[in-house]
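To keep things clear, I will list the structure first and then write my remarks on it.
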Amino acid sequence: MAEYSKDEIRKIEEKWRKRWIDSKVYKTELDASKPKYYVLDMFPYPSGAGLHVGHPLGYIASDIVARYKRIKGFNVLHPMGFDAFGLPAEQYAIEHGIHPAISTQENILNFKRQLGNIGFCYDWDREVQTCDPSYYKWTQWIFLQIFDSWFNRKKEKAERISELIKIFQVEGNSNHSFPNSKFKLDTGKDDFTATEWKSFNEKAQREILMQYRLAYLAYTDVNWCEALGTVLANDEVINGVSYRGGFPVVKRQMRQWSLRITEYAERLLKGLDEIDFSDSMKEIQRNWIGKSVGAKVIFNLKSDKSLVPSMTVFTTRPETIFGVDFMVVAPEHEMVKDITSAGQQGEIDRYLKYVESRSEIERMAEVKKITGAFTGAYAINPFNNKQIPVWISEYVLAGYGTGAIMGVPCGDERDHKFAKHFSLPITNIIGKHYDGTEANSTYDAILENSEFLNGLLMKDGINVVVRKLEELGIGTRQVNYKMRDAGWSRQRYWGEPFPVVFRDDVPYAMEEKDLPLRLPESNNFKSSGSGEGPLANLKDWINVGPDQRRDSNTMPTHAGAAWYFLRYMDPHNDKEFAGKRSLDYWNQVDVYIGGSEHAVAHLLYARLWTKVLADLGYLNFDEPFKKLINQGKITGDSRFVYRYSFSQTDFANEILPQIFVSKNIRDRVLKGDSNASRKITEVIWKALDTTSKEIGEAVGVTSGHPQSLDPNAPSLETGLHIDISLYDESKGLDLEAFKKWKPDFANAEFVLEDDGRYLCGSAIEKMSKSYFNVVNPDEIIDSYGADTLRMYEMFLGPLEQSKPWNTNGIDGVYKFLRRFWNLSHEGPGNFKVSDAEPTREELKVLHKTLKKVEGDIDNFSFNTSVSEFMICANELTSMKCNKRSIIEPLVIALSPFAPHMTEELWEKLGHKDSVLNAQFPKYNEEYLKESAFNYPISINGKVRAEMKFALDMPKEDIEKMVLASEIVMKWTEGKAPKKVIVVLGRIVNVVL
RNA sequence: GCCCGGGUGGUGGAAUUGGUAGACACGCAGGACUUAAAAUCCUGUGACCCUUAAAGGUUGUACGGGUUCAAGUCCCGUCUCGGGUACCA
């Protein structure tokens, strides 16, 4: 028996890791007699870099919750798996020639080893990997269910396509118009009768059904990235460049699979009200869905061409209709050619050409630039017959609303700038709220110059106008969403193949018995460049038979992640994606922990798939995650050195010495300190050998001439990242280790601080291999053990907060564990507990801790629970308490945080079973009660004295006692105070 | 620009949601043990003032106002950091 030392920790942790696996203590079974609790981590993408200390933050939290819920009597499901399809593995394959299947498996093994070291209680029997055919069989199967569904807007839920066909056969589509309002049949119409339906051939019928399917194939504007040779989803494009790599992205039409998520916009929005996500997360999703309520208004047109009789705009402010001074149509809008007058044709053509010449990136960069052209056509305001000029401009987007707007310059900032720029008249309908220089989008103004709306408050005006528009048949209420359908095809190899076969260009679902459609073996991952994926290279696979072929695309990584939480419930089922009994029992995920970067993509798709499966009757819940917690990112603390670079580049650099300048010297040089510059020149001069001293003079470095240095040399400005393990703030950079690490700099010279240290610059950046600032959890475990790592990561601060990693306080946590261990050990480490009766003081410490810790874990406030354990250990240490009746419950309570050490103690306390099978001790309020409390007495807000009151003394009696007390008398000089304030359990304030 | 969320000692962070601000930990200083160092333990530690000492006082939660017996917490304005979004009518 040794003390709680490094060696002992290693022994203990190895022992329990092995024992947990051997005894299958984490195996979870469906047990209907117990309440369930489902704790889920966002499963990781197994990247080649392995884990750094940032990754486990959320996993540690979920592990604590899982262990805690288990000892609270719940049957806990706490699984882990891997999001194993994806682009990085494929790119790695292209660069290194290693098949994604192989590199992915290697990475997964490494991840599992690292996760195992931290002591997580995952039930690995339930592991899933999205790239496993027995898993993606069901991803494909669910995709086919979505393909076989349509959204019945009347019932606001998904139904089978067969239901839709029945409807068409009876009543045509008059009650269920095309979800895509722009779609027209060959006849030019957008509706058909039952008779017409029956007359269509199969291909035509399938084409129509495709317009309704929730997973559909269509020519869509997609984000094409030439460099990656693939299409990207909207959320993978940031500021016109690709999310990975930052390559330019252009719009391009391709025949793609999409998920009709827009049909679920309203339900996805409403669902947010019943789930426990953080406000910011809900806000992000709401913004993404982007609901706006308004009206569609039809304006008649007057033009020398009368090809189009009217135009329709979407507005959220119909009450401003008398403030409309111009109309703006998107340049891409098809009506532009039909309304442009002969006189304006030249100008319009010029403008269209300009728009076409502008790249996506330019457009985004120059959002503020005001451009446009007048079409020569006029719209007629239906209420006052005013003629309104119709313009086209880039600032109106073809893809949103109707692609046309009514310009109300006094109320809308963009419209105002447009009017000012083109000197269009501005009608003021909001009186003093508009000052002539800036638009005011208030809802609180009383309308003026607005005929029948005059005198009405704007918010009230909305309903009045809409009613009138509807009466006249020239407008309706309308809701628009920013969210677009989700592109679901990727031109990649390493993903799920689409389980369909094309016959005569029409996709047919594969039969369930033929699933999974396996990803074929291939070593050719290069895209064909034509927009088809690498699978197109495999002719034998693509061509199934005469005029029958497969889809060359694969699904995005989101597909496998959209339902994995369901598979964990019944991972080995080969008849269903999960059995009904398991789905009903495990039900929703009670807590889901992961990063906020998945706010819009993964979480929305997972919610969508759940809703579709629920609509189709497979699930009895339609929100997958009851509660979501976003753990903060742990950032790295990077260090770098500053290299002096010579401004004359004509000279061969290898002749010139490598000079590194310490941070403060550099700062001083930048401030123009000539002593600091001289320090540098001296080092350079010393470094130059006799032959190159001529060169030194030639480049302007002569001993004692600091003015020849260029303080703005770029490397003095930015700096070179170094491996953070080479640096210690108090000792400075380890120069020998640095030279060893970068042999290129073996002969480098260093300009040191006055005290002889080399100090590095620092910056908080994300942890990344390329910044050399990665801290590997294995290193921490090696020197402190997994329990310390776990507790320290929790102690660092609130779970949801981002924070830079540093190990400054880790000793404190380590000391706590040792102190706790020592409570039950005597001298050099002999285990010894006493069976004596605990004192009331000791019981108070125990129950106070239990109560606080329980409350903290329930609130996911792990940092404060760690503090609470520390206080408890301090108090018990100073009481020299080693009583079993105190220590044993604390061992259980601590076990979620420090599982290895507590298992060991649990065993030493004489228990045969794992501490995981113990019960979390109940605290007893009785021990927390005091017979009397000392209340501080404030007089006029200042604490003047303390008084003792019995616990249950009524408020009035306390008041009487306070008033009668000498201290108050002294202050009031005999007069009765104005007021005595008694707050239960806290403060008494006396106001004189 | 708009929408969220923050700003508390030298540092990470507490504060029962309006009730003694700074818990807990790091760091630092002093002390004990030691030939010495490390480790460990004890004491102190927001700033300022006063005092031989005990004690006491002033000030203090980004800044400026306000409400209240009482404000880190609520209200108004300003500055600032982080996240989301980007012409969505």
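Throughout, a chain's letter reflects where its sequence line sits, starting with A, and its residues are numbered from 1.
Between A:Thr371 and A:Tyr351, the side chains place a donor N or O and an acceptor N or O closer than 3.5 Å (distance only, hydrogens not considered). In the model, A:Tyr400 has a side-chain atom that pairs as donor or acceptor with a side-chain atom of A:Ser292 under 3.5 Å. Under 3.5 Å, the side chains of A:Thr864 and A:Ser867 contain no donor-acceptor pair of N or O atoms.
At B:C26, one or more side-chain N or O atoms of A:Lys815 fall inside 4.0 Å of OP1 or OP2 (strictly under the cut-off). Phosphate contact (OP1/OP2 of B:C4, side-chain N/O of A:Arg286, threshold under 4.0 Å): absent. Residue A:Tyr400 places at least one side-chain N or O closer than 4.0 Å to OP1 or OP2 of B:A89. Taking only side-chain nitrogens and oxygens, A:Arg819 never comes nearer than 4.0 Å to OP1 or OP2 of B:U40. Put simply, A:Ser292 has a side-chain N or O that comes within less than 4.0 Å of OP1 or OP2 on B:A89. Look at A:Asn874 and you'll find a side-chain N or O under 4.0 angstrom from OP1 or OP2 of B:A25. Between A:Gln801 and the phosphate of B:G6, there is no side-chain N or O to OP1/OP2 separation shorter than 4.0 Å. Remark: A:Asn863 is in phosphate contact with B:A14, judged by side-chain N or O atoms under 4.0 Å from OP1 or OP2.
Ring-centre distance between A:His847 and A:Tyr923: not below the 6.0 Å cut-off. Aromatic ring centres of A:Phe820 and A:Phe869: separated by at least 6.0 Å. Checked against the 6.0 Å centroid criterion, the rings of A:Tyr605 and A:His598 do not qualify as a close aromatic pair. Checked against the 6.0 Å centroid threshold, A:Trp805 and A:Tyr792 count as a close aromatic pair.
Closest-nucleotide positions on RNA chain B for A:Lys369 and A:Arg818 were compared, and the one nearer the 5' end corresponds to A:Arg818. Position along RNA chain B of the nearest nucleotide to A:Phe314 versus A:Ser867 favours A:Ser867 as the more 5'-ward residue.
Nucleotide B:C26 forms a Watson-Crick or G-U wobble pair with B:G10, both donor-acceptor distances falling under 3.5 Å. Under the Watson-Crick or G-U wobble criterion, with both distances below 3.5 Å, B:U20 has no partner in any strand shown. Using Watson-Crick or G-U wobble geometry with both donor-acceptor distances under 3.5 Å, B:U67 finds no partner in any strand shown. The pairing partner recorded for B:A32 is B:U40, the criterion being a Watson-Crick or G-U wobble arrangement whose two distances lie under 3.5 angstrom. Across all strands shown, B:U51 forms no Watson-Crick or G-U wobble pair with both key distances under 3.5 Å. The base-pairing partner of B:C87, taking Watson-Crick or G-U wobble contacts with both distances under 3.5 Å, does not exist among the strands shown.
Looking at the side chain of A:Tyr395, the nearest of the listed nucleotides B:G1, B:C24, B:C87 is B:C87. Listed candidates were B:A89, B:A25, B:C87. Nearest to the side chain of A:Glu394 is B:C87. In this structure, the nucleotide among B:C87, B:A89, B:C24 sitting nearest to the side chain of A:Ile871 is B:C24. Nearest to the side-chain atoms of A:Ile284 among the listed nucleotides B:A89, B:G84, B:C3 stands B:G84.
Using P as the reference atom, B:A86 and B:A47 are 47 Å apart when rounded to the nearest Å. B:U68 sits 29 Å from B:A15 when the P atoms are compared, rounded to a whole Å. Across the P atoms, B:U43 and B:A62 are found 32 Å apart, a figure rounded to whole Å. For the P atoms, the distance from B:C75 to B:C81 is 23 Å, rounded to whole Å. B:U80 and B:G31 have their P atoms separated by 47 Å, given to the nearest Å. Distance check on atom C1': B:C74 versus B:U61 gives 15 Å, rounded to whole Å. Using P as the reference atom, B:A23 and B:G13 are 15 Å apart when rounded to the nearest Å. Going from the C1' atom of B:G22 to that of B:G9 covers 7 Å, rounded to whole Å.
The distance from atom NZ of A:Lys848 to atom C1' of B:U16 is 14 Å, rounded to the nearest whole Å. Atom CZ in A:Phe820 sits roughly 17 Å away from atom C1' in B:C24 (whole-Å rounding). With rounding to whole Å, A:Phe816 atom CZ is found 14 Å from B:C24 atom P. Taking atom CE on A:Met311 and atom P on B:A89, their separation rounds to 17 Å, with Å as the unit. Summarising the geometry, the separation between CG on A:Leu799 and P on B:G13 is reported as 13 Å, rounded to the nearest angstrom. With rounding to whole Å, A:Lys880 atom NZ is found 12 Å from B:C42 atom C1'. Atom NZ in A:Lys803 sits roughly 22 Å away from atom P in B:C81 (whole-Å rounding). A:Asp858 places its CG atom 17 Å from the P atom of B:U16, with the value rounded to the nearest Å.
With a glycosidic angle further than 90° from 0, B:G60 counts as anti. Against the 90° criterion about 0, the sugar-base torsion of B:U17 places it in the syn range.
Within the nucleic acid shown, A:Phe795 comes within 4.0 Å of at least one base atom, counting heavy atoms only. Note on A:Leu796: only backbone sugar-phosphate atoms sit closer than 4.0 angstrom, heavy atoms only; bases stay farther off. Residue A:Asn808 is in sugar-phosphate contact alone, with no base atom involved, counting any heavy-atom pair closer than 4.0 Å across all strands shown. If you check every strand for non-hydrogen atoms under 4.0 Å, A:Val866 touches nothing.
For the pairing with A:Glu875, the salt bridge (charged side-chain N to carboxylate O under 4.0 Å, His left out) check across A:Lys880, A:Arg819, A:Lys848 returns one residue only, A:Lys848.
In this structure, A:Asn859 contributes its side chain and A:Gly855 its backbone to a donor-acceptor pair below 3.5 Å.
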